[in-house]
There are 2 protein chains.
Amino acid sequence: MVRDVSTEQKIKEAAKRVFQKKGFGLTRTRDIAKEAGINLALLNYYYRSKENLFEIVMQESIEEMFSYLEHIMNNKQTTLTEKIDAGVLRYIEGMSKNSNLPLFLFSELQANPQHLFDRVKIPEGFIQDTYMFKQINAQINKEKLNFTAIHFFINLVSMSIFPIIGQPFIKYVTKMDEKSFADFIEQRKTLVPIWLKSMLKLV
Amino acid sequence: MVRDVSTEQKIKEAAKRVFQKKGFGLTRTRDIAKEAGINLALLNYYYRSKENLFEIVMQESIEEMFSYLEHIMNNKQTTLTEKIDAGVLRYIEGMSKNSNLPLFLFSELQANPQHLFDRVKIPEGFIQDTYMFKQINAQINKEKLNFTAIHFFINLVSMSIFPIIGQPFIKYVTKMDEKSFADFIEQRKTLVPIWLKSMLKLV
DNA sequence: GTCTATAGACTGATAGAC
DNA sequence: GTCTATCAGTCTATAGAC
């Protein structure tokens, strides 16, 4: 009795889409089954419970979020300037493609921060150990700037992610349509790195 | 038979707390009744349905979010520099006090952006009509900067709000404790305005 | 206005046929 | 492995007593 990998996978991917879109509370296991094109009973056959399936989706979502950073931040071959360019671009494009991910994570983690500690393998405080952090600190010391590397890092992530998270709100107050908003995001791919480099006096 | 205003108010405030913390999907009307110290039937007596109560909470939450901006942005007596200082401070302090509000709004609006149009009185595109926007545009023209006022405004809000929204995530990856994080936010009250003024070459 | 009790619908999970 | 049918529990909403 070998488990059908493709069905198991199909259910998990459907679950990821539905959970990320609606959140745990509004998601119905029937919706996931329908989205996966299978029967409700099969979901429990493979994953035992809604909660267990959610935990798995949560873990993979957190790892996906980190994956946008890890490789760029620990590359010893690139300059800080190159890392800023690549990091902003990767974040904006990644979040645009999967715009439900960040809000899903932040919401569910606000309700239950324990998820971060339960299953995820990323070590606490891992940011400070990255190569990029050393580069930022070197630049801060060289220019005698009055803020820490964490502030800079948060600025990078804020300015890249926030416009995606606040999309409906921003569209409303600025009266941008779909096309204008896409242009707006496109512009930020070059603008955000410029502002960030200026903060570090890299230009 | 005059409606008991204090009970009606008590229920609405309890609903606001519970909805903002758990979201619509995870909120149980029993939780709201318990939080308000009344019986479940009384909730329906005053507000007819969970959905109707939610709509009211949603409307007031959106208006609360805007209230942080309106007065500052339309003040004709203050300079742009003063508006940046006041705006950042007000946003950071407001969101810290009520840290569930922004995530609640963004999540629910992602699920159903229609809420913005349904009941809220704030006009679409209202940002562009504020006095602060005219001041930003004047400065952009004067210094011949290559971005729009909307980008600047989004940067202000991003850097102020995002650290609150991403709090659990940030605490984890940086290994900050409660005290360190509070200091971190405190520092941003002065740092964020400095970065923003630098973007507009106001210093 | 406020309560208790309960109707009626929905949801997660399982039993059992194939 | 996959399905249909159904159970047991939970949830919103209301009926009816006071």
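By convention in this document, chain letters (A, B, ...) are assigned in the order of the sequence lines, proteins followed by strands, and residues within each chain are numbered from 1. Worth saying up front: this structure is predicted, and the values here are computed from it rather than measured.
Among the nucleotides C:dG12, D:dC11, D:dA13, the one closest to the side chain of B:R28 is D:dC11. Minimum atom distance to the side chain of B:T29 is reached by D:dA13, of the listed D:dA13, D:dT2, D:dC3. Nearest to the side chain of B:Y46, among C:dC3, C:dT2, C:dT11, sits C:dT2. Here the side chain of A:I38 is nearest to one of D:dT2, C:dT2, D:dC3, namely D:dC3. Distances were taken from every side-chain heavy atom of B:N44 (C-beta onward) to each of C:dA13, C:dT2, D:dT14; the shortest belongs to D:dT14.
Using a 4.0 Å heavy-atom criterion, one finds that B:R48 contacts the sugar-phosphate atoms exclusively. Residue A:L40 is in base contact, counting any heavy-atom pair closer than 4.0 Å across all strands shown.
The CZ-P distance, from A:R30 to C:dA13, rounds to 11 Å in whole Å. Atom CG of B:D31 is separated from atom P of D:dA13 by 14 Å (rounded to the nearest Å). Atom CD of A:E8 is separated from atom P of D:dT2 by 10 Å (rounded to the nearest Å). As a whole-Å value, the separation of A:K50 NZ from C:dC10 P is 16 Å. To the nearest angstrom, P of D:dT14 lies 12 Å from CG of B:N52. If you measure from atom CD1 of B:I32 to atom P of D:dC11, you get 13 Å, rounded to the nearest angstrom. Here D:dG16 presents its P atom at 17 Å from CG of B:N39, a figure rounded to the nearest Å. To the nearest angstrom, C1' of C:dG12 lies 10 Å from CZ of A:F24.
Toward the 5′ end of DNA chain D lies the nearest nucleotide of A:L42, the other residue of the pair B:T27 and A:L42 mapping further downstream.
Applying the ring pair (Phe, Tyr, Trp, His ring centres under 6.0 Å) test to A:F152 and every residue at least two apart in sequence or in another chain returns nothing.
Dashed line: the shortest gap from a side-chain N or O of B:Y45 to OP1 or OP2 of C:dC3 is not under 4.0 Å. At C:dT2, one or more side-chain N or O atoms of B:T7 fall inside 4.0 Å of OP1 or OP2 (strictly under the cut-off).
A parallel orientation is assigned to the rings of A:H151 and B:F184, their planes being inclined by less than 30° (bins at 30° and 60°). Note on ring orientation: taking the six-membered ring where Trp is involved, the planes of B:F126 and B:F66 are perpendicular (angle over 60°, cut-offs 30° and 60°).
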Pair B:F106-A:F106, ring pair (Phe, Tyr, Trp, His ring centres under 6.0 Å): steps then yes or no: CA-CA 11 Å; B:F106 294 147; A:F106 294 146; over 10 Å; no

Show your working on salt bridge (Lys or Arg N to Asp or Glu O under 4.0 Å) between A:K189 and A:E186 and close with a plain yes or no. CA-CA 6 Å; A:K189 290 181 189 172; A:E186 193 61 32; 3.0 Å; yes

